[in-house]
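Below is one structure; the comments refer to it alone.
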4 protein chains.
Amino acid sequence: MAQTRSGPVRSEVARRSILSAAAEIFAERGYDHLTIEGIAARAGVGKQTIYRWWPSKSDIVAECLLERALLPEQLALPDTGDIRHDLTAWLRSIATVVDSDSGQPLMRSLIAAATENADIGRRLRDSLADADSLAARLRAAAGTEPHLRPDTPYVELAEALVGALVLRVLSRSPLDDAVVDRLVTAIVGPARS
Amino acid sequence: MAQTRSGPVRSEVARRSILSAAAEIFAERGYDHLTIEGIAARAGVGKQTIYRWWPSKSDIVAECLLERALLPEQLALPDTGDIRHDLTAWLRSIATVVDSDSGQPLMRSLIAAATENADIGRRLRDSLADADSLAARLRAAAGTEPHLRPDTPYVELAEALVGALVLRVLSRSPLDDAVVDRLVTAIVGPARS
Amino acid sequence: MAQTRSGPVRSEVARRSILSAAAEIFAERGYDHLTIEGIAARAGVGKQTIYRWWPSKSDIVAECLLERALLPEQLALPDTGDIRHDLTAWLRSIATVVDSDSGQPLMRSLIAAATENADIGRRLRDSLADADSLAARLRAAAGTEPHLRPDTPYVELAEALVGALVLRVLSRSPLDDAVVDRLVTAIVGPARS
Amino acid sequence: MAQTRSGPVRSEVARRSILSAAAEIFAERGYDHLTIEGIAARAGVGKQTIYRWWPSKSDIVAECLLERALLPEQLALPDTGDIRHDLTAWLRSIATVVDSDSGQPLMRSLIAAATENADIGRRLRDSLADADSLAARLRAAAGTEPHLRPDTPYVELAEALVGALVLRVLSRSPLDDAVVDRLVTAIVGPARS
DNA sequence: CAGTAAGCGAGACGGTACGTCCTGTCTTGGT
DNA sequence: ACCAAGACAGGACGTACCGTCTCGCTTACTG
């Protein structure tokens, strides 16, 4: 049986204050204006309490993502049975988030954080394109879409779609409806006439 | 007639020293260890000379990219006529660069720089997927690959491929041969039996 | 001929602000509440400007002493020709300073600073017992005081007197008139009947 | 009748570990590198155990002095009947301690501690010049030394001698044989021809 | 001989200050 | 006018300690 040390235990209050403060500052001012001192001040916490539990600010951001404190929730891929329609709707809802005044910097901040922290990178990929949603839907559509076949590498295809979004964020290209349509076409093939 | 200003003009020597110094430090230590003071010191230049001509360090990096001082050159898409073979070869040569010890951090640094500077983001996209190479080759292959049709949105397809690479870099996923094959399949369709 | 470097020169304004701020805080709160950050804040100066010119806070205090920013001025040994009377008057004026509410901590702070910085120690000794005043007066009195002879080691005798003061400060013993008289007697011998 | 509390009494083991650890660190690294956390760690003791029994680190040092854990023992004033010889021998033995590599910092550390704690100051004075040794010997010599008379204020004279030592430590002046001789002469008068 | 209250080790906590690094602006003297 | 050099005010870094506060344990007195 494991020997547990005695003494005080990690303060859940402090932990949550830190994550909330970090998420707030991140959303308000972006990743590179997110500082340990700022988090500590807003959370009402000593810096050491942060350094005790997280090795770097990117790890705090990663934990914020885990706690769903950073990204809006309405990004789930809908399921009407029509993959083309669902993808279009999903990309458009993403577009409204990403192309908003606050969304662009937020996404860029997330990508910046991902360059320092692999977990954030993976979460960025998975939270959009995880096996249970995007790739799975693509596989499920193999029967109805001639462009998609049973041996299509769905995971890579999903990744490519998400990657296209990332690239548009990085190049500040707008994600308007025409682009959404072309992206859907590029991935699932042209619409049947 | 306009009064032309007197005094010396911009020193080309200083400009090139600065870009070289920046490129070296960037390659050696990454974007976030790249500092104005470090550049000035290595370039043997006053800080003011840097601030006089560039508004931020990301703009210096952007100009380094323009001068081809940062990225290796062998990334041109080959052209044997076989799009599938060419893409595979191209991706593998990218993989050797990107999966090397120095390549991973360098790519992540570039992405980090892109989050601060739209030009870098665009250049990242275009230098890999510009209209004259990747997208053009995809369009040209429309005749031979059944998966690619005249109305396929090549630009977005090319972007998706590059985006997939970016996403793999961010998530530190290796880019081995099997992944390359699947990516090619995802983009240009399954190989004909 | 010496090659002088170009570039900006040390700011006299900053230097004086720092010394004033340090002297104020020292007088108000004592040596161990004197912090580099506190000095910088009150002086309206960056910390680096302090560290650029002084290796430690004790050196700032030493320079304050040099600039006569710390100790009151009325401590000069009077000269009426009567060494016994002059010493008594001088010690009493020191006593009023040292035994005041602010004087005790101030002297202790100076001693604390002296433990970190030999210059302060020497200045503490000399500013009270330097060759031109105390020791010189003792020597000059050799003719009139039987206790003092030409071969009396005046410097050490002066040092012993000052040392007695330091020791009283360290032990928080009051320096009342009776003690002053006994000290004078101990140093220059009993009064002639 | 008072309600006597129950529970364990103060741990003598802990008390001694703390004092030993404090004395060791004090001797090795000086008063300002002596920290409560360092003492606790070396003593294998919780910080609270220290704070429970001592209000500040200077009080720990004071108690170390009481337990004779800090100062070497050989500083007793010898007694051969010849006050001049005894004083000289005593001062020289102090000089070998004080002018050694470790002695100088140790004495300065003690003085630093004394600035925070009156007990240490008094002990510094008394442990060298207490009524039963130095002052008493001076009084006893009143018969044989013409410089010393029955009404000489011995206590202050002893204090002055010790103070001279303190001042030399503060100003980092060496305490060589010539200085010792002059100090003795200053205190007990010139040697008889 | 339980109950219970204090001492103990460990160490998390909110803080303060440290000394360093870098930012972007400015000043100086040289070319 | 431009440059190399670098001082300046300021902000953040990551570390060291402070003194207080839990924790779970052991110990010794008390009813």
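Each chain gets a letter, A, B and so on, in the order its sequence line appears, and its residues count up from 1.
- When rounded to the nearest whole Å, the span between CD1 of D:I36 and P of E:dG11 equals 18 Å.
- The base of F:dG10 lies outside donor-acceptor range of the side chain of C:K47, with no N or O pair under 3.5 Å.
- Heavy-atom contacts from other residues, nucleotides or ligands closer than 6.0 Å to CZ of B:R16 number 12 or fewer.
- If you measure from atom CD1 of B:I50 to atom P of E:dT25, you get 13 Å, rounded to the nearest angstrom.
- Between D:E116 and D:K57 there is no salt bridge, since none of the side-chain N atoms of the basic residue sits less than 4.0 Å from a carboxylate O of the acidic one.
- Atom CE of B:M107 and atom OG of B:S102 lie 11.5 Å apart (nearest 0.5 Å).
- Of the candidate nucleotides F:dT20, E:dG19, E:dG24, F:dT20 has the atom nearest to the side chain of D:Q48.
- Between D:D59 atom CG and F:dC18 atom C1' there is a gap of 16 Å when expressed in whole angstrom units.
- Side-chain proximity of C:R52 to the nucleotides E:dT23, F:dA4, F:dC8 is greatest for F:dC8.
- Closest approach to the A:P8 side chain among E:dA12, F:dC13, E:dC22 is made by E:dA12 (side chain taken as heavy atoms from C-beta onward).
- Rounded to an integer number of Å, the gap from C:Y31 OH to E:dA17 C1' is 14 Å.
- For A:S6, the listed nucleotide lying nearest its side chain is F:dG24; candidates were E:dG19, F:dG24, F:dC18.
- Note: CD1 (C:I39) to P (F:dC8) measures 15 Å, nearest angstrom.
- Atom-to-atom, NE2 of C:H33 to P of F:dC17 comes out at 19 Å; the value is rounded to the nearest Å.
- Of the candidates E:dG7, F:dA9, F:dA4, F:dA4 carries the atom nearest the B:V45 side chain, counting heavy atoms from C-beta on.
- Salt bridge present: D:E28 and D:R42 bring a charged side-chain N and a carboxylate O closer than 4.0 Å.
- Residue A:R10 is the one, among C:G7 and A:R10, whose nearest nucleotide of DNA chain E lies closer to the 5' end (criterion: closest heavy atom).
- Among E:dT23, E:dC8, E:dC13, the nucleotide with an atom closest to any side-chain atom of B:Y51 is E:dT23.
- Comparing B:A43 and D:K57 along DNA chain F, the residue whose closest nucleotide (by nearest heavy atom) sits nearer the 5' end is B:A43.
- Position along DNA chain F of the nearest nucleotide to B:G44 versus C:E37 favours B:G44 as the more 5'-ward residue.
- Map B:S56 and D:T49 each onto its nearest nucleotide of DNA chain E; the residue landing nearer the 5' end is D:T49.
- One interatomic measurement links the two molecules: CG of B:D32 to C1' of F:dC13, which rounds to 13 Å at whole-angstrom precision.
- A salt bridge links D:R15 with D:E67: the closest approach of a Lys/Arg side-chain nitrogen to an acidic carboxylate oxygen falls below 4.0 angstrom.
- Put simply, B:W53 has a side-chain N or O that comes within less than 4.0 Å of OP1 or OP2 on F:dC3.
- Taking atom CD1 of B:I18 as the reference point, atom P of F:dC2 lies 14 Å away to the nearest angstrom.
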